[in-house]
Amino acid sequence: MVLKVVVPADFGIENLHCDFHNNVVFKLGEGEDIRANSLILSYHSSVFVRLFVELNQSVLEMDDFSKESVKSFLEALYSGEIQLDRNLFRDVSRV
C-alpha cells in the first residue's frame, strides 16, 4: 500500500524550530539532537514514510553526519531551497 502524504500549503520553514510540530528526533554523533516534523519528511521521501508509518520510529540515529549537514538537509526539505557551502555538499548529499 502506498501512502500519499499531503502537506498544508502554509506549513513551511517557519515550523522547523516549532516544539509543537517537531515529533521526530535526529540523534547526532556530537551528542546533540535536532527535531523535525514527520509530515514534512514523509512528503519528500518514501524512506521516511516507511520509518514513521511501518516501523513506527521517531528517533533516528544520524551519528555519521555533522549538525550543520543535517540542519542544511532539513532546511532544504522545509523551504524547497538548498544553500550549501562547498564543505557541506558531500556530507549533505549522503543524508
Side-chain angles (χ1 to χ4, degrees):
M1 176 177 133
V2 177
L3 181 67
K4 182 174 178 166
V5 177
V6 179
V7 178
D10 61 347
F11 196 93
I13 190 73
E14 66 278 358
N15 292 298
L16 181 57
H17 304 290
C18 175
D19 292 333
F20 180 76
H21 292 292
N22 292 338
N23 59 343
V24 175
V25 178
F26 287 89
K27 295 281 199 185
L28 306 177
E30 300 97 24
E32 295 186 76
D33 296 346
I34 295 180
R35 298 183 66 83
N37 183 272
S38 61
L39 181 65
I40 296 291
L41 300 176
S42 296
Y43 178 75
H44 291 287
S45 171
S46 61
V47 173
F48 287 123
V49 171
R50 184 165 190 279
L51 286 170
F52 305 140
V53 176
E54 296 176 24
L55 302 176
N56 200 28
Q57 288 188 341
S58 61
V59 177
L60 307 174
E61 299 290 335
M62 301 289 286
D63 53 359
D64 291 342
F65 301 96
S66 70
K67 180 178 182 176
E68 293 80 22
S69 61
V70 174
K71 184 178 174 192
S72 293
F73 172 73
L74 292 173
E75 287 175 353
L77 293 182
Y78 274 74
S79 69
E81 299 176 0
I82 188 163
Q83 296 180 2
L84 294 177
D85 125 338
R86 179 176 280 175
N87 297 325
L88 287 179
F89 179 75
R90 184 176 294 126
D91 208 18
V92 171
S93 65
R94 292 185 324 123
V95 177

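The chain is numbered in sequence order, starting from 1. These numbers were taken from a predicted model, which means no experiment stands behind them.
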Examine Val25 and Val70 and state if one hydrophobic cluster contains both, with Ile, Leu, Val, Met, Phe, Trp and Tyr joined whenever side-chain heavy atoms are less than 4.5 Å apart. no
On a heavy-atom basis, the closest approach of Phe52 and Gln57 is CD2-O, 3.0 Å
Got Asp63 and Lys27 here, is their nearest side-chain heavy-atom distance under 4.5 Å? no
If the condition is side chain to side chain donor-acceptor pair (under 3.5 Å), which residues does Glu32 pass it with, not counting sequence neighbours? Lys67
Once rounded to the nearest 0.5 Å, what's the spacing between atom CG of Leu74 and atom CZ of Arg35? 12.5 Å
Residue of the set Val59, Leu41, Asp33 for which side-chain contact (heavy atoms from CB on, under 4.5 Å) holds with Phe26: Leu41
Are Asn37 and Asn23 side-chain neighbours, meaning at least one heavy-atom pair lies under 4.5 Å? yes
All side chain to side chain contact (heavy atoms under 4.5 Å, CB included) counterparts of Ser45, not counting sequence neighbours: Val47, Phe48
I need the Ile40 CD1 to Ser38 OG distance, nearest 0.5 Å. 9.5 Å
